[in-house]
Structure formats: structure tokens, C-alpha cells
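Here's the structure, in C-alpha cells; my notes come after.
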Amino acid sequence: MEINHFIDTIIENDIKSKKHKEAITRFPPEPNGFLHLGHARAIITNWSMAKKHGGHFNLRFDDTNPIKEDSMFVDSIKRDIEWLGCHWDNLFYASDYFEEMYNRAMLLVEKGLAYVDDLSNEEIRTLRGTLKEPGKNSPHRDRSIEENVKLFQAMKNGKYDDGEKVLRAKIDMSSSNMNMRDPVIYRIQRAYHHNTKDKWLIYPMYDFAHPLEDAIEGITHSLCSLEFEDHRPLYDWVVEHTKMKNKPRQIEFGRLLIANQVTGKRYIRELVEENKVMGWDDPRLITLSGLRRRGIPKKAIHNFIHSLGLPKSEGETEIEMLYQHVREHLNETAPVTNAIVEPLKLVIDNYPEDEVEYVKIPNHRRNKELGSRMVPFSKHVFIERSDFLEEKPNRKWRRLSLGEEVRLMHAYFVKANSVVKDDNGRIIEVHCTYDPETKSGSGFKGRKPNGNIHFVDGTHYKKVEIRLFEDLLKEEYEKDASFEEKVNPNSLVIKKGVIEEKMSPEIGDKFQFMRNGFYVVDKDSTDKTLVFNRIVPLRSSYKRKKRKN
RNA sequence: UGGGCUAUGGCCAAGCGGUUAAGGCACCGGACUUUGACUCCGGGAUCGAUGGUUCAAUUCCAUCUAGCCCAGCCA
């Protein structure tokens with residue numbers, strides 16, 4: 001898919017004007033949670049710009065706050081990005097640069113552009129002012145450079161406790177941009193760091209660390225989301241005053257929000273802890289691991305992201321748009337197989353009892369490379385319960401009913417004659433007769449069937465578990481509904497279905513179930529029972545008409 | 001009169017002074033079909049509002065309105 005958005009244009013111009021020879025980008029996650037579909041925009045945008053403009057792409061963990069981070073997330077983030085196919089050229093950690101960052105901070109101190117403040121958290125907040133009122137200078141703002149040097153060294157050497165002192169940039173307490181009101185750039189935290197262990201007692205703040213990380217790595221274009229727009233002046237200030245050779249340019253784009261999906265860490269954790277989902281990789285979640293388990297192809301995610309462009313406006317994209325790309329991709333690549341989600345027995349009364357014949361079925365209508373297979377057919381077959389109604393409901397009904405004839409795809413025409421019901425009046429068997437003249441491929445043109453339905457042979461089949469998913473949140477709910485009330489209790493429906501006997505797929509294999517939808521083999525599958533997840537249903541114009549009537 | 005950003009059909013989104021205002025999703029018709037799938041045809045907006053500049057504005061200017069972000073020793 002062709003990429004053409006405002007950032008691409010900026011980069012092209014920078015290359016044309018010889019400002020840069022290439023685009024060097026990065027994705028800088030903090031290892032404190034799982035990646036979700038929204039992050040895919042940032043990952044793919046940064047990655048694709050480097051790829052398109054001949055540079056390279058770094059994965060850099062922004063691990064500057066040890067008390068919030070965990071190496072467990074490092075692994076899941078790496079796995080997800082790798083799965084997306086956004087291979088990084090370098091793997092870095094912000095913590096790799098702690099020494100240099102400290103030195104650059106000291107440089108600021110020596111230039112009189114940073115000072116150590118003894119104020120408490122609360123005092124700093126008070127003096128910072130409000131959105132409408134300017135802040136006031138800290139009483140420690142004008143300490144001598146010598147004193148600041150000593151104090152900052154002492155902070156580093158553990159002379160003070162957490163919170164006792166901070167290092168602040170000396171900028172402008174009256175700025176209308178809150179970020180410029182002498183931001184704290186180092187704080188004391190006696191915490192174990194997953195990477196540097198106990199080496200550091202002081203840690204740099206994002207606003208100071210991030211521009212340095214970018215500059216150190218020679219990032220040319222630092223692409224991030226809109227909420228950092230206000231930070232750009234500070235970003236530039238840091239790069240400018242720390243004598244960094246490379247001067248990266250931060251460019252912001254709008255975040256990708258998906259309508260009616262759960263992305264908040266707090267909510268996901270709640271769902272996980274209350275066992276309302278199977279884990280962080282539940283197929284109903286739009287975490288990247290959830291999408292992967294759901295069987296969403298990474299290609300569909302890339303196409304989805306690119307098709308949305310890169311706007312600066314914020315809106316909520318409907319998940320259907322992703323599904324469309326999923327169908328588009330799977331429709332071309334996934335082999336088609338017969339499977340019955342809700343089996344109903346069909347007995348062909350005039351078919352010989354012990355005979356089994358094999359019919360040839362292509363694995364894909366257009367893609368001949370996927371080959372074909374021989375499928376058994378006998379007196380007893382399963383059809384989809386929804387493909388039979390005793391009485392034809394309307395003229396549009398193109399399935400089986402009593403007195404109606406349909407084609408069992410790739411086999412014969414069958415005409416339904418009677419039904420057998422259980423004590424509750426539920427149909428458990430349909431009896432029919434077939435017409436040997438109508439064998440598929442025979443060229444029979446005598447009459448037209450009332451539709452085509454598929455089947456799985458009733459003597460050669462495998463029982464499987466099929467999981468159907470709906471959105472985790474209800475489609476509609478009261479405006480002030482609590483999260484609990486929004487959760488859709490029917491988001492998971494488990495069916496006992498049957499598939500062709502010869503199928504022996506592996507976890508992650510994707511198929512189209514004929515006339516039904518796309519499915520993937522779930523990791524919960526065992527040697528005894530395969531478990532299929534419905535990725536997305538096939539579109540159906542029938543349902544729409546039905547709803548109308 | 002704190003600062004920054006955004007505003008095009010139900011949803012997303014092109015367009016950057018002269019276009020019949022792209023395209024996708026969704027929706028509604030119809031054709032085709034041994035997947036009611038795929039594919040193919042057809043259907044809808046005057047561009048947040050109001051004023052201005054101009055021969056000409058969705059595109060420039062002004063004002064207004066609405067929404068989002070910013071007062072972590074989070075990122």
C-alpha cells in the first residue's frame with residue numbers, strides 16, 4: 001500500500017534539501033504494559049518511514065522510571081513488534097545512556113542552566129502556578145554553580161533521600177507552557193532497576209531523557225503522538241543546551257483510537273483478574289497478542305494502519321475497518337474447508353447404506369495453487385442447523401426446507417422430505433432423497449436447486465470446539481453506565497462443531513469455513529480436541545434483508 | 001483574551017484558490033454466483049458557524065462555537 005502523509009512529505013523534503021540522507025526513527029515504549037492496536041500506528045509509522053527512506057529503525061525501551069517498569073513487559077513488547085514484522089535494526093535501552101545523561105545534566109549545571117531544588121513535591125507544585133497564572137521562582141533558583149555542582153553530585157552519591165532534592169532546568173517560571181516552568185529533570189529514587197540494578201540512585205525524567213536518547217542515537221525524525229506537542233519546545237531546549245551533535249526533529253501525529261474497545265490497562269487488568277477474559281491475549285482484546293491469537297493477519301494490521309493515513313485530528317475508528325482488511329487478506333490466502341458449527345443430521349434415505357464415495361473439492365476457488373482434496377460423502381451427513389427450516393419462510397430463502405431441493409455443494413441435489421424431532425420438539429434429523437443424475441461436475445442442467453449448502457460427512461468427521469466472539473462491550477448502553485455494566489455477557493459463545501476428518505491443522509493455521517467465516521486454530525487445542533477461534537464472519541447480505549423483514 | 005492542537009456524509013479520510021468535493025467502512029438498491037462470500041454496477045455531504053478578501057474559497061483572513069491535550073519528583 002502506498003504511503004503518503006504529511007510526515008512522509010517532511011522527510012522527503014529533508015532528503016531532497018540534503019538536510020538528511022536518510023530517516024532514522026525509533027519506537028520508544030516504556031516497558032510497563034502490553035501493546036495494543038493503537039500502538040501499531042506508532043510502531044508501523046516509525047518503522048515504515050525508516051524503511052521507505054533508507055535509514056534504520058531502533059527499538060528503544062524508555063526505562064527511566066524503575067518503580068513502574070518490569071522486564072516481563074520487555075519480552076512481550078519485543079514479541080509483539082517482531083510478530084508485526086517491524087524488525088528493528090538496533091535494540092537499545094534508555095538506561096544504556098544513564099552515564100551520558102548524567103554528564104549532560106552536569107553540563108547544564110555548569111552552564112548555569114540547571115539547579116538543585118530543596119523544595120518538596122507540594123511546594124514545587126504550588127510555586128508552579130496554574131494554567132492561567134504564572135509560576136514563581138524557587139528560593140533555590142539562584143544558587144551558585146559551584147554549589148549546584150556539589151549538590152547534584154551528592155544527589156548522585158546517595159547523600160539524600162528520595163524526594164529530598166531534585167535537579168531542575170532553569171528556563172522560565174512565567175511561561176504559558178507549563179513544561180517550561182523549570183521542569184524537574186532528575187529525581188532521587190532508591191529503586192532497583194531491571195537493567196542497571198543498584199548502580200543509580202537518581203533517574204532522569206522523560207522530558208530530559210527522551211531528547212538525549214534521540215540525539216545520541218542520531219534519530220532524524222522523532223515521531224510521536226499529539227500529546228507531546230507541548231513538550232517540543234522543551235525537547236528542543238534540551239538538545240540545544242546539552243551540546244548534542246545531532247538535532248532530531250520531533251513531529252507529532254494523532255493517536256489511533258478504536259471505538260468501543262477496551263484498551264485501558266486498568267480495565268484489561270480488571271477483566272483478566274475477574275476471569276471475564278482468558279488473559280491479556282484474549283482474542284476479544286485488541287492487544288497485539290490478542291489480535292494474534294484471534295488470527296488477525298499482521299498484513300491486515302499494516303494495511304489497516306496505512307489505509308487510515310496519518311491525521312492530526314482525533315477520532316474513533318470502527319473496528320469493522322480492520323475486519324475488512326482481514327477479510328480482504330484471508331479471502332485470498334486462506335484455504336476453504338467444510339465445517340459445521342451447529343450440526344444437524346441429514347439422512348439420505350435412498351443412498352446405499354454402506355457406500356462411501358469421494359468428491360473432489362478445490363481448496364480455493366480462484367487460487368489453484370492451494371490444490372484440491374477428496375472429501376467423503378455417504379448416506380449420513382451433517383449440515384448447518386441454520387440451513388434448514390421446516391417451512392420456507394419467504395421467496396428469498398435459498399436453503400433447505402421440506403419439499404425443497406438444494407445442492408450439497410460438490411455432491412448431489414437433495415430434497416427434504418420429513419423431520420424427526422425429540423421430545424422438546426427440536427429437530428434432530430432431516431430425511432431427504434438425492435438424485436444421482438445431479439452429481440457435481442456431471443454437467444446436469446435439468447433444473448435449478450433452491451440454493452447451495454455445504455456438508456460434512458456423518459461417518460468421517462472430527463468433533464471440534466468453535467469459539468465465536470462478539471465485541472467485549474455491548475453495542476449500546478446508558479451514557480453513565482459503569483464499566484461493569486458495559487461488558488457484554490455474550491461476547492464468547494462456544495459451539496460443538498464438526499470438521500472434515502482429514503484436517504490436521506496446527507496452532508495458528510487459518511481457514512475459511514465454507515459460507516461461514518474465517519477461523520484460526522487456537523493454542524488451547526489438544527491432541528484430542530481442536531479449538532477454533534472465529535476471526536471474522538463472512539459478510540452476508542441475507543442477514544441484512546432478514547432484519548428488515 | 002493562559003498555551004497548544006483539531007473540526008469535510010453514520011465512521012475513517014483525500015483535497016492546500018477554479019475538481020461533477022477522491023477513496024474505504026457501514027448502509028440501501030441491482031447484476032453475477034455450485035460460498036446469500038468474492039467480483040461488478042448504481043445510490044448519499046457544499047466542506048463546524050458567521051463575516052470578509054477574491055472574477056472565483058472546503059482551500060486565504062477575522063471572529064465565534066465545539067472537542068482534545070497541558071498545572072507527575074509518569075511516559
Side-chain angles (χ1 to χ4, degrees), chain A residues 4-5 28-30 32 62-65 67-69 94 117 119-122 124-126 128-135 162-168 174-181 183-189 202-203 205-207 209-210 224-233 252 254-256 259 304 307-325 327-328 331-332 336 338 361 365-366 396-399 406-411 413 438 440-441 448-449 451-454 512-517 537-546 548:
Chain A
N4 187 16
H5 47 63
E30 182 184 22
N32 71 344
D62 215 347
D63 54 353
T64 56
N65 187 356
I67 61 177
K68 294 184 82 171
E69 294 147 10
D117 202 341
L119 258 31
S120 72
N121 198 332
E122 294 72 32
I124 288 179
R125 190 191 313 133
T126 307
R128 186 153 34 221
T130 68
L131 294 176
K132 295 189 178 179
E133 298 157 32
D162 290 21
E164 227 179 294
K165 288 192 169 28
V166 292
L167 184 70
R168 292 230 258 170
S174 65
S175 172
S176 54
N177 182 342
M178 301 295 286
N179 297 305
M180 300 299 267
R181 319 241 267 225
V184 171
I185 59 177
Y186 261 95
R187 79 289 215 185
I188 301 169
Q189 260 177 196
I202 57 171
Y203 293 94
M205 298 285 291
Y206 168 85
D207 279 313
H210 203 83
C224 64
S225 47
L226 246 28
E227 68 265 33
F228 293 102
E229 237 164 351
D230 285 346
H231 296 249
R232 190 172 357 115
E252 312 83 13
R255 287 215 278 189
L256 170 60
F304 169 67
S307 72
L308 294 176
L310 197 60
K312 285 193 76 169
S313 55
E314 72 282 307
E316 289 194 323
T317 299
E318 293 171 349
I319 192 72
E320 272 302 322
M321 283 220 226
L322 171 66
Y323 294 165
Q324 172 55 18
H325 288 283
R327 289 192 191 97
E328 219 163 69
N331 199 44
E332 297 307 314
V336 181
N338 283 353
I361 304 185
R365 185 68 87 63
R366 263 169 294 129
K396 298 266 190 182
W397 177 256
R398 310 235 59 221
R399 307 181 193 182
V406 297
R407 153 154 256 130
L408 288 179
M409 291 176 69
H410 303 103
F413 284 18
T438 58
S440 183
K448 292 239 172 185
N452 303 286
I453 67 172
H454 59 104
Q512 181 187 147
F513 285 180
M514 179 63 84
R515 301 201 310 127
N516 184 309
L538 247 37
R539 290 206 289 194
S540 167
S541 54
Y542 180 70
K543 276 181 189 164
R544 292 202 285 267
K545 280 173 190 161
K546 194 178 168 191
K548 225 179 126 188

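Numbers restart at 1 for each chain; the letters A, B, ... are given by sequence-line order, proteins then strands.
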Whole-Å distance separating the [atom1] atom of [X] from the [atom2] atom of [N]:
| X | N | atom1 | atom2 | value |
| --- | --- | --- | --- | --- |
| A:Leu119 | B:rG72 | CG | P | 14 Å |
| A:Arg539 | B:rC28 | CZ | C1' | 14 Å |
| A:Arg181 | B:rC70 | CZ | C1' | 10 Å |
| A:Lys312 | B:rA7 | NZ | P | 10 Å |
| A:Leu322 | B:rC25 | CG | C1' | 11 Å |
| A:His5 | B:rC12 | NE2 | C1' | 16 Å |
| A:Glu328 | B:rU39 | CD | P | 7 Å |
| A:Arg366 | B:rC40 | CZ | P | 10 Å |

Over all strands shown, is [X] touching base, sugar-phosphate only, or nothing at heavy-atom distances under 4.0 angstrom?
| X | answer |
| --- | --- |
| A:Gly315 | sugar-phosphate |
| A:His454 | nothing |
| A:Phe228 | base |
| A:Arg128 | sugar-phosphate |
| A:Asn331 | sugar-phosphate |
| A:Val166 | base |
| A:Ser120 | base |
| A:Arg232 | nothing |
| A:Leu308 | sugar-phosphate |
| A:Glu332 | nothing |
| A:Gly441 | base |
| A:Ile188 | nothing |
| A:Thr130 | base |
| A:Glu227 | sugar-phosphate |

Using Watson-Crick or G-U wobble geometry with both distances below 3.5 Å, tell me the partner of [N], or none.
| N | value |
| --- | --- |
| B:rC60 | B:rG52 |
| B:rG2 | B:rC70 |
| B:rG42 | B:rC28 |

Report task. Could you tell me whether the side chain of A:Arg398 and the main chain of A:Val406 form a donor-acceptor pair under 3.5 Å? Result -> no

Query raised in the report: Starting at the 5' end of RNA chain B, which residue's closest nucleotide do you reach first, A:Trp397 or A:Glu229?
Result: A:Glu229

Query raised in the report: In terms of the nearest nucleotide of RNA chain B, which residue is placed more toward the 5' end: A:Asp230 or A:Gln512?
Result: A:Asp230

Report task. Hey, can you tell me if A:Tyr206 and A:Phe228 have their rings parallel, tilted or perpendicular (30° and 60° cut-offs)? Result -> tilted

Measure from the side-chain heavy atoms of [X] and tell me the nearest of [options].
| X | options | value |
| --- | --- | --- |
| A:Ser313 | B:rG24, B:rA71, B:rA7 | B:rA7 |
| A:Pro311 | B:rC70, B:rG72, B:rA13 | B:rA13 |
| A:Met321 | B:rC25, B:rG4, B:rC73 | B:rC25 |
| A:Glu318 | B:rA37, B:rC11, B:rC74 | B:rC11 |
| A:Arg327 | B:rA75, B:rA26, B:rA71 | B:rA26 |
| A:Lys396 | B:rG36, B:rC5, B:rA75 | B:rG36 |
| A:Met409 | B:rC5, B:rU34, B:rC12 | B:rU34 |
| A:Glu320 | B:rC25, B:rU34, B:rC70 | B:rC25 |

Nearest-Å distance once atom [atom1] is located in both [N] and [M]:
| N | M | atom1 | answer |
| --- | --- | --- | --- |
| B:rC70 | B:rC60 | C1' | 30 Å |
| B:rC12 | B:rA26 | P | 15 Å |
| B:rG44 | B:rC28 | C1' | 10 Å |
| B:rU8 | B:rU59 | C1' | 11 Å |
| B:rU33 | B:rC25 | C1' | 24 Å |
| B:rU58 | B:rG18 | P | 11 Å |
| B:rU50 | B:rA57 | C1' | 15 Å |
| B:rA56 | B:rC38 | C1' | 46 Å |

Answer yes or no: is there a side-chain heavy-atom contact under 4.5 Å between [X] and [Y]?
| X | Y | value |
| --- | --- | --- |
| A:Asn121 | A:Arg187 | no |
| A:Met409 | A:Arg515 | yes |
| A:Asn338 | A:His410 | no |
| A:Asn331 | A:Gln512 | yes |
| A:Ile453 | A:Leu408 | yes |

Query raised in the report: Listed by chain and number, what are the side-chain hydrogen bond (donor to acceptor under 3.5 Å, both in side chains) partners of A:Ser225, not counting sequence neighbours?
Result: A:Glu227

Report task. Let me know which of A:His5, A:Glu229, A:Glu252 forms a side chain to side chain donor-acceptor pair (under 3.5 Å) with A:Lys312. Result ->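 The passing option is A:Glu229.
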
Tell me whether the OP1 or OP2 atom of [N] has a side-chain N or O from [X] closer than 4.0 Å.
| X | N | value |
| --- | --- | --- |
| A:Gln324 | B:rC25 | yes |
| A:Asn452 | B:rU34 | no |
| A:Arg187 | B:rC74 | yes |

Query raised in the report: What string of B, S and - do you get for nucleotides 63-68 of chain B, 5' to 3', when a contact is any protein heavy atom under 4.0 Å?
Result: ----B-

Query raised in the report: Where is the tightest heavy-atom contact between A:Phe304 and A:His325, given as atom of each residue plus distance?
Result: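 Smallest heavy-atom distance, with atoms named: CA-CD2, 3.6 Å.
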
Query raised in the report: What is the distance from atom CG of A:Asn65 to atom CE of A:Met205, rounded to the nearest 0.5 Å?
Result: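 It is 8.0 Å, given to the nearest 0.5 Å.
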
Report summary line: B:rG72 glycosidic conformation (syn if within 90° of 0, otherwise anti) is syn

Requested in this report: Before accepting this row, confirm whether a basic side-chain N of the pair A:Glu30/A:Lys68 lies closer than 4.0 Å to the acidic partner's carboxylate O.
Outcome: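 Salt bridge: no.
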
